[in-house]
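To start, the structure under review is shown below, and the notes come after it.
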Amino acid sequence: MPQLPLSNPHPIDAPAVLAWYDSHARDLPWRVSPADRKAGLRPDPYRVWLSEVMLQQTTVAAVKAYFLRFTGLWPRVEDLAAAPLDSVLREWAGLGYYARARNLHACAQAVVREHGGVFPASSAALQSLPGIGAYTGAAIAAICFDEPVAVLDGNLDRVLARYHALDVPVREAKEQLRAALQASVPERAGDFAQAMMDLGATICAPRSATCLLCPLQPACVAARDGTPLLYPVKPEKAEKPVRKGHAFVMTDAAGDVYLQSRPPKGLLAGMTEVPGSDWSAELGTPAYPREAQWHHRGQVVHVFTHFRLELEVWSAIVVPDGLDGGWWAEPEALKGEALPTLFRKVLAQAGLES
DNA sequence: AACCCGGGGCG
DNA sequence: CGCCCAGGGTT
(Lines give C-alpha, C1' and ligand atoms only; values in the text may rest on other atoms or scores of the structure.)
Protein backbone atom coordinates (compact mmCIF):
# COMPACT_ATOMS: atom_id res chain seq x y z
CA MET A 1 0.00 0.00 0.00
CA PRO A 2 1.84 3.10 -1.20
CA GLN A 3 1.44 6.08 1.08
CA LEU A 4 0.45 9.48 -0.16
CA PRO A 5 3.30 11.75 -1.24
CA LEU A 6 4.29 14.58 1.06
CA SER A 7 2.31 17.74 0.48
CA ASN A 8 5.42 19.92 0.16
CA PRO A 9 7.53 19.14 -2.91
CA HIS A 10 10.19 21.74 -2.11
CA PRO A 11 13.52 20.47 -0.81
CA ILE A 12 14.84 22.18 2.33
CA ASP A 13 16.75 25.39 1.46
CA ALA A 14 20.06 24.14 2.81
CA PRO A 15 22.08 27.30 2.00
CA ALA A 16 19.57 29.37 4.00
CA VAL A 17 19.72 26.91 6.89
CA LEU A 18 23.52 26.98 6.91
CA ALA A 19 23.60 30.78 6.74
CA TRP A 20 21.28 30.90 9.74
CA TYR A 21 23.47 28.39 11.58
CA ASP A 22 26.65 30.36 10.89
CA SER A 23 25.29 33.21 13.01
CA HIS A 24 22.95 31.40 15.44
CA ALA A 25 24.59 28.05 16.30
CA ARG A 26 24.26 27.08 19.95
CA ASP A 27 27.53 26.94 21.87
CA LEU A 28 27.72 23.40 23.28
CA PRO A 29 30.62 21.68 25.07
CA TRP A 30 30.86 18.86 22.52
CA ARG A 31 30.42 21.03 19.46
CA VAL A 32 32.95 22.57 17.05
CA SER A 33 31.56 25.96 16.00
CA PRO A 34 30.83 26.54 12.30
CA ALA A 35 33.69 29.08 12.14
CA ASP A 36 36.20 26.62 13.64
CA ARG A 37 34.82 23.90 11.40
CA LYS A 38 35.42 26.04 8.32
CA ALA A 39 38.97 26.68 9.56
CA GLY A 40 39.57 22.93 9.38
CA LEU A 41 39.00 21.88 12.99
CA ARG A 42 37.40 18.43 13.24
CA PRO A 43 35.19 17.22 16.08
CA ASP A 44 36.53 14.40 18.26
CA PRO A 45 34.37 11.34 17.47
CA TYR A 46 34.68 10.13 21.06
CA ARG A 47 33.18 13.32 22.44
CA VAL A 48 30.51 13.48 19.75
CA TRP A 49 29.54 9.85 20.40
CA LEU A 50 29.43 10.38 24.16
CA SER A 51 27.23 13.46 23.79
CA GLU A 52 24.89 11.77 21.32
CA VAL A 53 24.32 8.78 23.60
CA MET A 54 23.68 11.06 26.58
CA LEU A 55 21.27 13.15 24.49
CA GLN A 56 19.07 10.18 23.57
CA GLN A 57 15.67 11.16 25.01
CA THR A 58 17.44 13.62 27.30
CA THR A 59 17.59 17.41 27.17
CA VAL A 60 20.72 19.42 26.46
CA ALA A 61 20.43 21.17 29.82
CA ALA A 62 20.43 17.85 31.70
CA VAL A 63 23.36 16.45 29.71
CA LYS A 64 25.91 19.26 30.02
CA ALA A 65 27.13 18.54 33.56
CA TYR A 66 27.29 14.78 32.93
CA PHE A 67 29.24 15.30 29.73
CA LEU A 68 31.84 17.48 31.46
CA ARG A 69 32.11 15.00 34.34
CA PHE A 70 32.58 12.01 32.01
CA THR A 71 35.16 13.69 29.78
CA GLY A 72 37.03 14.87 32.86
CA LEU A 73 37.17 11.38 34.32
CA TRP A 74 37.70 9.61 30.99
CA PRO A 75 39.20 11.94 28.33
CA ARG A 76 39.67 9.23 25.70
CA VAL A 77 37.73 6.16 24.65
CA GLU A 78 40.55 3.98 26.01
CA ASP A 79 40.02 5.50 29.47
CA LEU A 80 36.30 4.78 29.42
CA ALA A 81 36.86 1.25 28.13
CA ALA A 82 39.28 0.56 30.97
CA ALA A 83 36.94 1.89 33.68
CA PRO A 84 34.94 -0.59 35.78
CA LEU A 85 31.30 -0.82 34.68
CA ASP A 86 30.26 -0.03 38.25
CA SER A 87 31.93 3.36 38.15
CA VAL A 88 30.28 4.18 34.81
CA LEU A 89 26.86 3.26 36.22
CA ARG A 90 27.53 5.39 39.31
CA GLU A 91 28.43 8.41 37.20
CA TRP A 92 25.36 7.82 35.01
CA ALA A 93 22.98 7.73 37.99
CA GLY A 94 20.24 10.32 37.52
CA LEU A 95 20.37 10.46 33.71
CA GLY A 96 17.89 7.62 33.19
CA TYR A 97 17.61 4.89 30.55
CA TYR A 98 20.38 2.96 32.24
CA ALA A 99 20.81 0.47 29.40
CA ARG A 100 22.55 3.38 27.70
CA ALA A 101 25.34 3.29 30.29
CA ARG A 102 25.90 -0.43 29.82
CA ASN A 103 25.91 -0.07 26.04
CA LEU A 104 28.21 2.94 26.34
CA HIS A 105 30.77 0.87 28.22
CA ALA A 106 30.41 -2.09 25.85
CA CYS A 107 30.77 0.23 22.85
CA ALA A 108 33.94 1.81 24.23
CA GLN A 109 35.44 -1.64 24.72
CA ALA A 110 34.43 -2.72 21.21
CA VAL A 111 35.99 0.40 19.69
CA VAL A 112 39.24 -0.26 21.56
CA ARG A 113 39.36 -4.00 21.01
CA GLU A 114 37.94 -4.33 17.50
CA HIS A 115 38.80 -0.96 15.93
CA GLY A 116 42.12 -0.06 17.53
CA GLY A 117 40.55 2.77 19.54
CA VAL A 118 39.33 4.58 16.41
CA PHE A 119 35.60 5.05 15.79
CA PRO A 120 34.45 3.71 12.39
CA ALA A 121 33.95 6.52 9.89
CA SER A 122 30.63 5.51 8.31
CA SER A 123 27.04 5.58 9.50
CA ALA A 124 26.56 1.92 8.61
CA ALA A 125 29.64 0.70 10.47
CA LEU A 126 28.82 2.83 13.50
CA GLN A 127 25.35 1.26 13.74
CA SER A 128 26.85 -2.16 14.33
CA LEU A 129 28.20 -0.96 17.69
CA PRO A 130 26.21 -1.32 20.94
CA GLY A 131 23.90 1.59 21.71
CA ILE A 132 24.31 3.18 18.27
CA GLY A 133 21.14 3.01 16.19
CA ALA A 134 19.96 4.76 13.05
CA TYR A 135 19.89 8.24 14.54
CA THR A 136 23.16 8.14 16.49
CA GLY A 137 25.11 6.45 13.70
CA ALA A 138 23.93 9.05 11.20
CA ALA A 139 24.59 11.92 13.61
CA ILE A 140 28.19 10.87 14.35
CA ALA A 141 28.95 10.19 10.68
CA ALA A 142 27.54 13.53 9.57
CA ILE A 143 29.04 15.65 12.34
CA CYS A 144 32.49 14.02 12.40
CA PHE A 145 32.96 12.96 8.79
CA ASP A 146 30.43 15.05 6.81
CA GLU A 147 28.81 11.89 5.49
CA PRO A 148 25.83 13.16 3.44
CA VAL A 149 23.20 11.30 5.43
CA ALA A 150 19.78 12.31 6.78
CA VAL A 151 19.92 12.81 10.56
CA LEU A 152 16.38 12.41 11.84
CA ASP A 153 15.58 12.83 15.54
CA GLY A 154 12.67 14.09 17.60
CA ASN A 155 13.43 17.71 16.71
CA LEU A 156 13.46 16.92 13.00
CA ASP A 157 10.22 14.97 13.33
CA ARG A 158 8.57 18.16 14.48
CA VAL A 159 10.29 20.52 12.02
CA LEU A 160 9.53 18.29 9.04
CA ALA A 161 5.96 17.55 10.16
CA ARG A 162 5.37 21.30 10.13
CA TYR A 163 7.29 21.84 6.90
CA HIS A 164 5.01 19.33 5.16
CA ALA A 165 1.88 19.99 7.27
CA LEU A 166 1.85 16.24 7.83
CA ASP A 167 -1.64 15.18 8.88
CA VAL A 168 -0.73 11.70 10.16
CA PRO A 169 1.56 10.73 13.08
CA VAL A 170 5.22 10.94 12.07
CA ARG A 171 5.68 7.22 12.60
CA GLU A 172 3.41 6.54 9.64
CA ALA A 173 5.47 8.67 7.24
CA LYS A 174 8.96 8.28 8.67
CA GLU A 175 10.58 6.88 5.54
CA GLN A 176 9.07 9.54 3.29
CA LEU A 177 10.35 12.25 5.61
CA ARG A 178 13.75 10.61 5.63
CA ALA A 179 13.89 10.44 1.84
CA ALA A 180 12.83 14.08 1.48
CA LEU A 181 15.43 15.18 4.01
CA GLN A 182 18.11 13.02 2.40
CA ALA A 183 17.51 14.80 -0.90
CA SER A 184 18.22 18.12 0.85
CA VAL A 185 21.53 17.26 2.55
CA PRO A 186 24.31 19.62 1.36
CA GLU A 187 28.08 19.23 1.32
CA ARG A 188 28.35 20.61 4.86
CA ALA A 189 26.36 17.63 6.11
CA GLY A 190 27.50 17.89 9.72
CA ASP A 191 26.69 21.56 10.11
CA PHE A 192 23.38 20.99 8.32
CA ALA A 193 22.41 18.24 10.76
CA GLN A 194 23.31 20.37 13.75
CA ALA A 195 21.60 23.40 12.21
CA MET A 196 18.33 21.53 11.76
CA MET A 197 18.43 20.33 15.36
CA ASP A 198 19.18 23.85 16.58
CA LEU A 199 16.22 25.10 14.54
CA GLY A 200 14.00 22.56 16.25
CA ALA A 201 15.34 23.48 19.67
CA THR A 202 15.05 27.24 19.33
CA ILE A 203 12.79 28.49 16.51
CA CYS A 204 10.57 25.52 15.73
CA ALA A 205 10.05 24.48 19.37
CA PRO A 206 7.31 22.20 20.71
CA ARG A 207 5.13 24.95 22.19
CA SER A 208 6.28 27.94 20.18
CA ALA A 209 7.20 28.61 16.57
CA THR A 210 8.94 31.85 15.66
CA CYS A 211 8.28 31.46 11.96
CA LEU A 212 9.28 35.04 11.11
CA LEU A 213 12.89 34.19 12.00
CA CYS A 214 12.96 30.79 10.34
CA PRO A 215 15.19 30.05 7.32
CA LEU A 216 12.71 27.40 6.14
CA GLN A 217 10.38 30.18 5.06
CA PRO A 218 8.67 30.60 2.66
CA ALA A 219 8.43 26.93 1.68
CA CYS A 220 7.11 25.71 5.06
CA VAL A 221 3.44 24.79 4.63
CA ALA A 222 2.44 25.14 8.30
CA ALA A 223 4.11 28.55 8.51
CA ARG A 224 2.32 29.67 5.36
CA ASP A 225 -0.99 28.52 6.87
CA GLY A 226 -0.20 29.98 10.29
CA THR A 227 -0.73 26.60 11.93
CA PRO A 228 2.69 25.30 13.06
CA LEU A 229 1.49 24.27 16.53
CA LEU A 230 -1.01 21.83 15.00
CA TYR A 231 1.95 19.59 14.10
CA PRO A 232 3.17 16.96 14.64
CA VAL A 233 -0.13 15.10 14.95
CA LYS A 234 0.04 12.86 18.01
CA PRO A 235 -0.91 9.17 17.98
CA GLU A 236 -3.45 7.96 20.51
CA LYS A 237 -1.70 7.09 23.71
CA ALA A 238 -2.43 4.22 26.05
CA GLU A 239 -3.45 4.78 29.65
CA LYS A 240 -0.82 4.33 32.35
CA PRO A 241 -1.59 1.53 34.82
CA VAL A 242 -0.85 1.98 38.54
CA ARG A 243 1.43 -0.44 40.40
CA LYS A 244 1.82 -0.57 44.17
CA GLY A 245 4.37 -2.04 46.56
CA HIS A 246 6.45 -1.69 49.71
CA ALA A 247 10.03 -0.48 50.23
CA PHE A 248 12.01 -1.31 53.36
CA VAL A 249 14.72 1.03 54.64
CA MET A 250 16.89 -0.73 57.25
CA THR A 251 19.51 1.06 59.32
CA ASP A 252 21.83 -0.42 61.93
CA ALA A 253 22.74 1.10 65.28
CA ALA A 254 25.46 3.21 63.63
CA GLY A 255 22.99 4.62 61.07
CA ASP A 256 24.32 2.69 58.09
CA VAL A 257 21.72 1.76 55.44
CA TYR A 258 21.17 -1.66 53.88
CA LEU A 259 21.40 -1.59 50.06
CA GLN A 260 21.41 -4.22 47.34
CA SER A 261 21.78 -4.50 43.56
CA ARG A 262 18.84 -4.97 41.23
CA PRO A 263 18.96 -7.87 38.76
CA PRO A 264 21.11 -7.36 35.64
CA LYS A 265 18.08 -7.32 33.33
CA GLY A 266 14.78 -5.46 33.31
CA LEU A 267 13.70 -2.22 34.90
CA LEU A 268 16.59 -0.21 36.43
CA ALA A 269 18.91 -3.14 35.69
CA GLY A 270 22.04 -3.30 37.82
CA MET A 271 21.22 -0.16 39.75
CA THR A 272 21.20 0.07 43.54
CA GLU A 273 17.99 -0.23 45.60
CA VAL A 274 16.64 -0.89 49.05
CA PRO A 275 14.76 -4.19 49.58
CA GLY A 276 11.09 -4.22 48.70
CA SER A 277 8.05 -6.18 47.58
CA ASP A 278 6.92 -6.93 44.06
CA TRP A 279 5.02 -4.12 42.35
CA SER A 280 1.48 -5.08 41.38
CA ALA A 281 -1.97 -3.66 40.83
CA GLU A 282 -3.10 -4.44 44.38
CA LEU A 283 -1.10 -3.55 47.49
CA GLY A 284 -0.27 -6.67 49.53
CA THR A 285 0.55 -7.04 53.23
CA PRO A 286 4.14 -5.92 53.85
CA ALA A 287 6.51 -8.92 54.11
CA TYR A 288 9.23 -7.36 56.23
CA PRO A 289 12.72 -8.65 55.37
CA ARG A 290 13.27 -9.36 59.07
CA GLU A 291 11.78 -8.87 62.54
CA ALA A 292 12.00 -5.33 63.87
CA GLN A 293 9.96 -2.35 64.97
CA TRP A 294 8.79 -1.19 61.54
CA HIS A 295 7.47 2.33 61.08
CA HIS A 296 5.37 3.48 58.15
CA ARG A 297 7.03 6.61 56.76
CA GLY A 298 4.46 7.47 54.12
CA GLN A 299 4.24 7.00 50.37
CA VAL A 300 6.44 7.78 47.39
CA VAL A 301 4.95 8.23 43.91
CA HIS A 302 7.12 7.80 40.84
CA VAL A 303 6.03 7.91 37.21
CA PHE A 304 7.82 5.68 34.73
CA THR A 305 7.34 5.73 30.97
CA HIS A 306 4.66 3.08 31.02
CA PHE A 307 3.27 2.92 34.57
CA ARG A 308 2.81 4.92 37.73
CA LEU A 309 4.35 3.45 40.90
CA GLU A 310 3.12 4.04 44.45
CA LEU A 311 5.52 2.72 47.10
CA GLU A 312 4.77 2.52 50.83
CA VAL A 313 7.98 3.35 52.68
CA TRP A 314 8.85 1.50 55.89
CA SER A 315 11.88 1.96 58.11
CA ALA A 316 13.38 0.11 61.07
CA ILE A 317 16.58 -0.13 63.07
CA VAL A 318 17.88 -3.71 62.86
CA VAL A 319 20.80 -5.81 64.04
CA PRO A 320 22.95 -6.39 60.94
CA ASP A 321 22.95 -10.18 60.65
CA GLY A 322 21.11 -12.73 58.56
CA LEU A 323 21.01 -10.53 55.47
CA ASP A 324 22.52 -11.76 52.21
CA GLY A 325 23.65 -10.25 48.98
CA GLY A 326 23.66 -6.57 49.89
CA TRP A 327 25.88 -4.21 51.81
CA TRP A 328 25.72 -1.55 54.50
CA ALA A 329 26.38 1.98 53.34
CA GLU A 330 27.24 4.98 55.49
CA PRO A 331 24.78 7.85 54.98
CA GLU A 332 27.60 10.07 53.72
CA ALA A 333 28.38 7.46 51.02
CA LEU A 334 24.84 7.40 49.59
CA LYS A 335 25.62 10.18 47.11
CA GLY A 336 28.18 7.93 45.42
CA GLU A 337 25.86 4.93 45.08
CA ALA A 338 24.19 4.07 41.76
CA LEU A 339 20.79 4.99 43.18
CA PRO A 340 18.07 5.90 40.68
CA THR A 341 15.84 8.82 41.55
CA LEU A 342 13.06 6.50 42.72
CA PHE A 343 15.17 5.09 45.55
CA ARG A 344 16.59 8.47 46.46
CA LYS A 345 12.98 9.55 46.96
CA VAL A 346 12.40 6.47 49.13
CA LEU A 347 15.45 7.22 51.28
CA ALA A 348 14.41 10.86 51.60
CA GLN A 349 10.94 9.76 52.69
CA ALA A 350 12.64 7.69 55.40
CA GLY A 351 14.58 10.75 56.53
CA LEU A 352 17.92 10.06 54.85
CA GLU A 353 19.88 12.48 52.66
CA SER A 354 21.27 10.89 49.52
C1' DA B 1 5.63 -2.84 14.28
C1' DA B 2 4.91 -2.76 19.19
C1' DC B 3 6.68 -2.62 23.44
C1' DC B 4 10.06 -1.67 27.07
C1' DC B 5 13.11 1.61 29.26
C1' DG B 6 13.94 7.36 33.41
C1' DG B 7 14.17 11.58 34.61
C1' DG B 8 14.09 16.59 34.42
C1' DG B 9 12.03 20.88 32.95
C1' DC B 10 8.39 23.34 31.22
C1' DG B 11 3.78 25.72 30.99
C1' DC C 1 -0.35 17.52 35.97
C1' DG C 2 0.72 16.38 30.89
C1' DC C 3 4.03 16.93 27.46
C1' DC C 4 8.55 16.88 25.53
C1' DC C 5 13.23 15.55 24.95
C1' DA C 6 19.82 14.88 19.64
C1' DG C 7 16.36 6.83 20.63
C1' DG C 8 17.98 1.85 20.99
C1' DG C 9 17.13 -2.94 21.96
C1' DT C 10 14.09 -6.71 22.07
C1' DT C 11 10.44 -9.58 20.53
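A, B, ... follow the sequence lines: proteins, then strands. Residue 1 opens every chain. Note that these values count all heavy atoms, side chains included, but never hydrogens, waters or copies made by symmetry.
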Reckon A:Ala201 touches a base, only the sugar-phosphate, or nothing at all at heavy-atom distances under 4.0 Å?
nothing

Take atom CG of A:Leu199 and atom C1' of C:dA6, then tell me their distance rounded to the nearest Å.
14 Å

If you measure from the C1' atom in B:dC5 to the same atom in C:dC5, how many Å do you get, rounded?
15 Å

On the 0 to 90° scale, with breaks at 30° and 60°, tag the A:Trp314-A:His296 ring pair as parallel, tilted or perpendicular.
tilted

Extract from the structure each pairing of a protein N or O with an N or O of nucleotides 9-11 of chain C at less than 3.5 Å, listing the distance.
unit_1, atom_1, unit_2, atom_2, d
C:dG9, OP1, A:Gly131, N, 2.6

Would you call the rings of A:His24 and A:Trp20 parallel, tilted or perpendicular if under 30° counts as parallel and over 60° as perpendicular?
parallel

Interatomic distance, A:Arg178 CZ vs C:dG7 C1' [rounded to whole Å]
12 Å

Assign a letter to each nucleotide of nucleotides 3-11 of chain B from its 5' end: B, base within under 4.0 Å of a protein heavy atom; S, sugar-phosphate only; -, no contact.
-SBBBS-B-

Given atom CG of A:Leu126 and atom P of C:dG8, what is their separation to the nearest angstrom?
12 Å

Counterpart residues, side chain to side chain contact (heavy atoms under 4.5 Å, CB included), relative to A:Thr136 (two or more places apart)
A:Glu52, A:Gln56, A:Ile132, A:Ile140

Could you give the NZ-to-P distance, from A:Lys234 to C:dC3, as a whole number of Å?
10 Å

Roughly, in whole Å, what's the span from CD1 in A:Ile140 to C1' in C:dG8?
13 Å

Atom CG of A:Asp153 to atom C1' of C:dC5: distance rounded to whole Å?
9 Å

Would you indicate what A:Arg102 reaches in the nucleic acid, counting non-hydrogen atoms under 4.0 angstrom: base, sugar-phosphate, or nothing?
nothing

Round to a whole Å and report the spacing from CG of A:Leu229 to P of C:dG2.
21 Å

Indicate the ring-plane relationship of A:Tyr46 and A:Trp49, choosing parallel, tilted or perpendicular according to the 30° and 60° boundaries.
tilted

With a 3.5 Å cut-off and heavy atoms only, can you find an N or O donor on one side and an acceptor on the other between the side chain of A:Arg171 and the base of B:dA2?
no

Using a 4.0 Å heavy-atom cut-off across all strands, classify A:Trp92 as base, sugar-phosphate, or nothing.
nothing

If only atom types and distance count, is the side chain of A:Arg290 paired as donor or acceptor with the main-chain N or O of A:Val319 below 3.5 Å?
yes

Please identify which of these residues, A:Lys174, A:Arg162, A:Arg171, meets the salt bridge (charged side-chain N to carboxylate O under 4.0 Å, His left out) condition with A:Asp157.
A:Lys174

